[in-house]
Enquirer: 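Quick one: the structure is below, and I'll ask about it shortly.
Excluded from the calculations below are hydrogen atoms, water molecules and symmetry mates; all remaining heavy atoms, backbone and side chain alike, are included. Residue numbers begin at 1 in each chain, while the letters A, B, ... track the order of the sequences. Please read all numbers here as calculations on a predicted model, not as lab measurements.
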Protein chains: 2
Amino acid sequence: MARPRIKDVARHAGVSEKTVSNVINDYAHVSDRTRRVVREAIEQLGYRVNLAGRHLRKGRTGIIALVVPELDIPYFAELARHVIREAEQCSLTVLIHQSGADRAHELAALAGFGSTFVDGIILSPLALTADDLRDRAGAPPTVLLGELLEEGADHVAIDNERAAREATGHLIGLGRRTVLAVGGRDDAGLGTAEARTRGYRAALADAGIPYDPAALLPVGSFRMPDGAEAVARALGEGRRPDALLCLNDQLALGALRALHEHGVRVPEDVAVIGFDDVEGGRFSVPTLSTVAPDKAAVARVAVQLLQRRIEEATGPAGTSDGAESGVLSPQDRIVAHRLVLRESTEGHERR
Amino acid sequence: MARPRIKDVARHAGVSEKTVSNVINDYAHVSDRTRRVVREAIEQLGYRVNLAGRHLRKGRTGIIALVVPELDIPYFAELARHVIREAEQCSLTVLIHQSGADRAHELAALAGFGSTFVDGIILSPLALTADDLRDRAGAPPTVLLGELLEEGADHVAIDNERAAREATGHLIGLGRRTVLAVGGRDDAGLGTAEARTRGYRAALADAGIPYDPAALLPVGSFRMPDGAEAVARALGEGRRPDALLCLNDQLALGALRALHEHGVRVPEDVAVIGFDDVEGGRFSVPTLSTVAPDKAAVARVAVQLLQRRIEEATGPAGTSDGAESGVLSPQDRIVAHRLVLRESTEGHERR
DNA sequence: CAGCCGATGTACATCGATGTAAAACCGAGC
DNA sequence: GCTCGGTTTTACATCGATGTACATCGGCTG
């Protein structure tokens, strides 16, 4: 009736509990016969290890958390899929947590959810400040996605500044002069939006186009309604851009809709480009040009870095004492991106 | 240096470990002074409970799993957001797991991920059969979303058959006669697609339109590319529908794109309606009519049912013996849906 | 045949938090 | 002064799996 314990298996197989444990953990010195008998007992009783006991003993759960601002921003959902795939390779289970772009939630995540049961955290911060990241003693190993907020934490991202510069450069190369940056932010922050805005400004400078702070359209969040609203407002104010650099695809998709409602043709009147290469942009009308980060690489690198940190922290695969050997210096990894040109900028998709 | 344990707090506060535990768990009979002293010690040491120990003792983790086929199908991402919100109310943490619509993964999820660390599971099955659900001794409490696969499990869904009947009826009411069902399936299965197909057939029957099995366009999965492909193929074969019932919004969005590419006007030539009311459909060109399930209600009911089952299984909030009192009969809950009419069917959105 | 070695298997302590049962304490009432 | 009832607090066992240290076994060598 009740879930069988390791001791039930032991009794059933006529061996000691430790031997069962050895079989489960593929310990080398177990005779084939014993191994078979134990396996059968496990099978018959439908035994499955209790993670609580193992965790208590080993200090590891095999669970890592992926913390993203919003799951229903498709970029994060797509990224999650890759992270899950990568983690599976290392037999890690991924717990996905949504912070709601809320500083309190992100902090809670950093602290390991007020308790301890994740071995590590992959965090895509939106609302955190560098201060939050300092002094997090006792928190589990962490890898950050997106801009580097603070020296001292591992970090994976595309070169957002360069990407934005290329994207903006592409728009300018089409002959556009009035490029608005939807979601652009000029403040001192260290986030992704700020980096992309820097790239945008750099591209303008490259082309000798003066920068107008009013060309940054602020948004509440990075979702379709915000993009649509921001663009509708700009058009309503009589502004007549000939191109939009949208800081993510959701904003861009919202912008496409707003442009459509105002009778503005894309790309003839206004060219639009986004970031993230989400699926929606491949099926929108018109299809959306975008900066495509290598999501699989982001996920791969993030999981690998985290894996290393975890081993560093708890000793290779569960040794009692955390052998403080060669502590890795914080890693700062840049992964590839490419410009994908579709109908919204009149280009042809390169393959 | 190392993370403090409960005994460190006890020593620091000059009380016993159990007293610290009592403070943490808000046990009634602790003097205010003791409580304060312990709180301070916890604060000073930065103590946080170790979930492994608690889990081992209490048999509960406070974690529930939400298992969905694909996270990057926005419906599931949006649903996840609601589930997380609901679970938070009950101080449950949600672990999201992606099954990849893969039977093996779904089975693993059902079994509690080959181990035990979730208190319960909310599962949105795609590939499971009724057989898989029978005889799952030892598995954690489970609530199913979507069609009822098997008596004996709790289950939450909209009335898919009725919804499909209404949606199809709406198309027919627009004067359309040739309604294709994208993603429709006529086999004996018990899934959501089958229920919606039944509703589709019922609506045809209501209107005295003969049913043609060829009107069901099969799809590999329920995503934009599949919808686009299926519709492109149908058009390529010379079929000339005047309406499409797409079994989810992703298929519909893909269909919109395919229609656009074939120069077919929506809704003038072809009316399109989907299911799920995802955000993408509110910003597509044209905007997408859809069957909107009350996602918040789905999440609320699912979490409540699960919560009950968990308490039933482990005793209210952690009593040692699972008091097998009044076992609840399996619940079968229907939540509301409504038709949201947008540009793709020429209607006006009701509020 | 004694002695030794490597390969297997076992008893027991241990990880951290909490339930149980009982001790310590405190004030009231006789 | 002493008992009684109730409140606080504590010692200890316990949850399940696994690391440690040791026992056992069989075979092989000298």
Enquirer: Among D/dC15, D/dT18, C/dA17, which nucleotide sits nearest the side chain of A/Ser21?
Expert: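 Closest nucleotide to the A/Ser21 side chain: D/dT18.
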Enquirer: Quick one: A/Arg5 CZ to D/dA17 P, roughly how many Å, whole number?
Expert: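 Those two atoms, CZ and P, are 6 Å apart.
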Enquirer: Does a side-chain N or O from B/Asn50 land closer than 4.0 Å to OP1 or OP2 of C/dC15, or not?
Expert: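 So the side-chain polar atoms of B/Asn50 never come under 4.0 Å of the phosphate oxygens OP1 or OP2 of C/dC15.
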Enquirer: Determine, for A/Arg39 against A/Asp26, whether the closest basic-nitrogen to carboxylate-oxygen distance falls under 4.0 angstrom.
Expert: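 Here A/Arg39 pairs with A/Asp26 in a salt bridge, since their nearest N and O are under 4.0 Å apart.
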Enquirer: CD1 of B/Ile6 versus P of C/dA17: gap in Å, rounded?
Expert: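 After rounding, the reported distance stands at 5 Å.
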Enquirer: D/dT18, OP1 or OP2 - any side-chain N/O from A/Arg54 closer than 4.0 Å?
Expert: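 For D/dT18, OP1/OP2 do have a side-chain N/O of A/Arg54 under 4.0 Å.
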Enquirer: By nearest nucleotide on DNA chain D, pick out whichever of B/His29 and B/Gly53 is the more 5' one.
Expert: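 This one resolves to B/His29.
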Enquirer: Starting at atom CZ of B/Arg33, determine the distance to atom C1' of D/dT8, rounded to an integer number of angstrom.
Expert: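 Computing the B/Arg33:CZ to D/dT8:C1' distance gives 11 Å.
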Enquirer: NA contact type, A/Ser31, heavy-atom cut-off 4.0 Å: base, sugar-phosphate, or nothing?
Expert: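 Sugar-phosphate: the residue A/Ser31, judged by heavy atoms under 4.0 Å, touches backbone atoms but no base.
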Enquirer: Can a side chain N or O of A/Arg57 be found less than 4.0 Å away from OP1 or OP2 on C/dT14?
Expert: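 Checking C/dT14 against A/Arg57, no side-chain N or O comes under 4.0 Å of OP1 or OP2.
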Enquirer: Does B/Thr34 place a side-chain N or O at less than 4.0 Å from the phosphate oxygens OP1/OP2 of D/dT9?
Expert: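 The answer is yes; a side-chain N or O of B/Thr34 sits under 4.0 Å from OP1 or OP2.
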Enquirer: By nearest heavy atom, map A/Ile24 and B/Val15 onto DNA chain D; which one lands nearer the 5' end?
Expert: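 Its nucleotide being nearer the 5' end, the pick is B/Val15.
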Enquirer: When you measure from the side chain of A/Val49, which nucleotide among D/dA17, C/dG16, D/dG19 comes out closest?
Expert: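 Nearest to the side chain of A/Val49 among the choices is D/dA17.
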Enquirer: Calculate the interatomic distance between A/Arg48 atom CZ and D/dG16 atom C1'; express it in whole Å.
Expert: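 Between C1' of D/dG16 and CZ of A/Arg48: 15 Å.
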Enquirer: Using whole Å, what does the distance between atom P of nucleotide D/dG19 and atom CG of A/Asn22 come to?
Expert: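 Interatomic distance, CG of A/Asn22 to P of D/dG19: 8 Å.
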Enquirer: Does B/Glu17 use its side chain to pair, donor to acceptor, with the backbone of B/Ile6 at less than 3.5 Å?
Expert: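 Side chain of B/Glu17 to backbone of B/Ile6, a donor-acceptor pair under 3.5 Å: no, none is there.
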Enquirer: Taking atom P of D/dA17 as reference, at what distance in whole Å does atom CD1 of A/Ile42 sit?
Expert: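 Taking CD1 of A/Ile42 and P of D/dA17, I get 10 Å after rounding.
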Enquirer: Backbone N or O of A/Pro140 within a donor-acceptor pair of the A/Thr142 side chain at under 3.5 Å?
Expert: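 Yes: the side chain of A/Thr142 pairs with the backbone of A/Pro140.
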Enquirer: Write down the distance between OH (B/Tyr27) and C1' (D/dT7), rounded to a whole number of angstrom.
Expert: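 Those two atoms, OH and C1', are 9 Å apart.
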Enquirer: On DNA chain C, check which nucleotide each of A/Leu56 and A/Lys18 is closest to and give me the residue with the more 5' one.
Expert: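 Nearer the 5' end of the strand: A/Lys18.
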Enquirer: Enter the distance from A/Asn25:CG to A/Asn22:CG here, rounded to the nearest 0.5 Å.
Expert: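 Going from CG on A/Asn25 over to CG on A/Asn22, the span is 7.5 Å.
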Enquirer: Using a 4.5 Å cut-off on heavy atoms from C-beta on, say whether the side chain of B/Leu92 contacts that of B/Gln307.
Expert: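 A side-chain contact under 4.5 Å exists here.
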Enquirer: Using whole Å, what does the distance between atom P of nucleotide D/dA17 and atom CG of A/Leu51 come to?
Expert: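 Going from CG in A/Leu51 over to P in D/dA17 covers 10 Å.
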Enquirer: Do the side-chain N or O atoms of B/Thr19 get closer than 4.0 angstrom to the phosphate oxygens (OP1, OP2) of D/dT10?
Expert: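 Checking D/dT10 against B/Thr19, a side-chain N or O does come within under 4.0 Å of OP1 or OP2.
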Enquirer: For A/Tyr47 and D/dA17, is the shortest distance between a side-chain N/O and OP1 or OP2 below 4.0 Å?
Expert: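 For A/Tyr47, the contact criterion (side-chain N or O under 4.0 Å from OP1 or OP2 of D/dA17) is met.
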Enquirer: Check every atom of C/dA11, D/dT10, D/dG16 against the side chain of A/Ser16 and return the nucleotide holding the closest atom.
Expert: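 Comparing C/dA11, D/dT10, D/dG16 against the side chain of A/Ser16, the answer is C/dA11.
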Enquirer: Heavy-atom distance under 4.5 Å between the side chains of A/Leu79 and A/Val68, does that happen here?
Expert: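 No; the side chains remain at least 4.5 Å from each other.
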